[in-house]
Amino acid sequence: MKLIITRDYEEMSRRAADIVISHMVQKPDMVLGLATGSTPEGLYQKLIEAYRGGTIDFSNVRTFNLDEYYGIDEDNDQSYHYFMKEKLLDHVNIPMENTHILDGMAEDVHAECMDYERRIDEAGGIDLQILGIGKNGHIGFNEPGDVFIRRTHLVDLDQETIQANSRFFTCKEEVPTQALTMGIETIMKARKIILIASGEGKAEAIYRAVKCEIHPMVPASILHVHPDVTVIVDEEAASKL
Ligand code: F6R
């Protein structure tokens, strides 16, 4: 696990963007794993700038998102479909058929999850996966638990996650309590992983992910056994290391 501590959010975003950009230049048809949430917004902005400046071209890139809320339509402005379009996909030249996000309205959830795994495999696997981290140590929406759940699945979100996500919703009742998420093995099969975190609120999660032993109660701790993980955190998120 390689650890990069940056001065602030801006530098964290730039360092992460530099890695994505260099991959995309080397492999223009790369398979990129995407995360949502506040943390990668700066990184996505930098990718948009690099695209506008002519450094990168998304026309052959394929993307797979980590997760989507369950029971939320993709046109809902709180869906991760909506987020990805707004923050990245609508601003670059990626063909929409190259973008993959789990269907939160799928009638047959099991079939949707299996199909997602199949689509990732058919694309040749994920070359580079971007991850954020929850305050409870989750990656994707793999919440702390007794076991690591391997494949893409439907998950009941933790109270802490529901609480954290509520900042985007107008009332508590609207906050989804379930999501579809890539599993731990799905994430671990990515050839390269970048985990980004910013702010004091993530310091404890980063400490537990980086310093503690591997345990499903700290889902991000599994990253220790991945051969190519870069953790990029600002000074505040690194403050307990
Ligand atoms: C989002 C995801 C989550 C977030 C995490 C941090 O697709 O998979 O694991 O990365 O909850 O969210 P933020 O960045 O909003 O603090």
Side-chain angles (χ1 to χ4, degrees), residues 6 8-10 12-13 16-17 20 32-45 63-70 72 74 76 78-89 99-104 113 116 120 126 128-145 148-149 152-169 175-184 186-188 190 193-206 208-209 216 218-223 229-234 236-238:
T6 66
D8 52 19
Y9 178 80
E10 165 68 19
M12 177 208 75
S13 304
V20 179
L32 179 60
L34 298 171
T36 54
S38 308
T39 315
E41 283 192 35
L43 154 63
Y44 294 152
Q45 192 52 44
T63 63
F64 285 89
N65 264 80
L66 281 168
D67 40 26
E68 176 59 285
Y69 288 129
Y70 181 61
I72 282 206
E74 63 176 70
N76 186 310
Q78 297 302 340
S79 74
Y80 286 168
H81 278 80
Y82 195 96
F83 175 99
M84 282 318 308
K85 284 186 186 157
E86 193 180 58
K87 304 296 181 192
L88 177 67
L89 303 174
T99 69
H100 304 267
I101 306 179
L102 282 152
D103 178 5
C113 293
Y116 205 61
I120 294 173
I126 294 170
L128 172 57
Q129 176 67 55
I130 297 160
L131 294 179
I133 185 169
K135 286 184 181 167
N136 63 2
H138 73 209
I139 48 175
F141 276 136
N142 290 277
E143 301 286 33
F148 291 112
I149 300 179
T152 300
H153 60 283
L154 176 69
V155 62
D156 291 331
L157 298 173
D158 254 23
Q159 273 313 316
E160 200 174 346
T161 303
I162 295 169
Q163 176 63 33
N165 295 344
S166 67
R167 68 192 194 274
F168 300 112
F169 292 81
V175 189
T177 56
Q178 291 184 301
L180 300 180
T181 181
M182 282 186 197
I184 289 291
T186 327
I187 294 171
M188 292 292 281
I193 294 176
I194 308 175
L195 184 144
I196 51 178
S198 161
E200 227 182 316
K202 296 291 173 69
E204 181 67 25
I206 287 297
R208 291 165 70 204
V218 185
S221 64
I222 192 76
L223 298 173
V229 176
T230 304
V231 176
I232 309 174
V233 290
D234 65 11
E236 288 186 0

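Counting starts at 1 for both ligands and their atoms, following the listed order. Quantities reported herein were computed from a predicted structural model and do not represent experimental measurements.
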When distances are taken from atom 5 (C) of ligand 1, the protein heavy atom at minimum range is His138 NE2, 3.4 Å
Discussion item. Quick one: does any side-chain atom of Arg167 pair with a main-chain N or O of Ala164 as donor and acceptor, under 3.5 Å?
Written reply: yes
What is the ring orientation for Tyr80 with Phe141, classed by angle as parallel under 30°, tilted 30 to 60°, or perpendicular over 60°? parallel
The residue among Val229, Ile139, Ile222 that forms side-chain contact (heavy atoms from CB on, under 4.5 Å) with Met188 is Ile222
| said: Assess, by modelled atom type and distance only, whether the side chains of Glu160 and Asn136 contain a donor and an acceptor separated by less than 3.5 Å. | reply: no
Counting heavy atoms under 4.0 Å, the part of Leu131 that contacts ligand 1 is neither
Within 4.0 Å of some non-hydrogen atom of Lys202, the atoms of ligand 1 are 6 (C), 13 (P), 16 (O)
Closest heavy-atom approach to atom 10 (O) of ligand 1 among Gly132, Ser38, Pro40 is made by Gly132
A student checking ligand 1 against Thr39 at a 4.0 Å heavy-atom cut-off should list atoms 13 (P), 14 (O), 16 (O)
Any heavy atom of Lys135 sitting closer than 4.0 Å to ligand 1? no
Within 4.0 Å of some non-hydrogen atom of Gly140, the atoms of ligand 1 are 2 (C), 3 (C), 8 (O), 9 (O)
min-distance protein heavy atom vs atom 1 (C) of ligand 1 -> Thr36 OG1, 3.1 Å
Scanning both residues in full, the closest heavy-atom pair of Ile130 with Ala35 reads O-CB, 3.5 Å
dist Leu88:CG -> Leu43:CG (nearest 0.5 Å) comes out at 8.5 Å
Practice problem: Check the side chains of Asn165 and Tyr69 for a donor-acceptor pair under 3.5 angstrom, ignoring hydrogens and angles. | Solution: yes
among protein heavy atoms, the one nearest atom 6 (C) of ligand 1 is Ile133 O, 3.3 Å
Quick note on ligand 1: atoms under 4.0 Å from a heavy atom of Gly37 include exactly 14 (O), 15 (O)
For the pair Phe64 and His100, name the ring-plane relationship: parallel under 30°, tilted 30 to 60°, perpendicular over 60°.
parallel
At under 4.0 Å between heavy atoms, what of Met84 touches ligand 1? The answer is neither
Near Leu66 (heavy-atom distance under 4.0 Å), the atoms of ligand 1 are 8 (O)
Atom 2 (C) of ligand 1: closest protein heavy atom, distance to 0.1 Å, is Asp67 OD2, 3.3 Å
Side-chain donor-acceptor pair present, Glu143, Thr161, cut-off under 3.5 Å:
yes
Heavy atom of Met182, distance to ligand 1 below 4.0 Å:
no
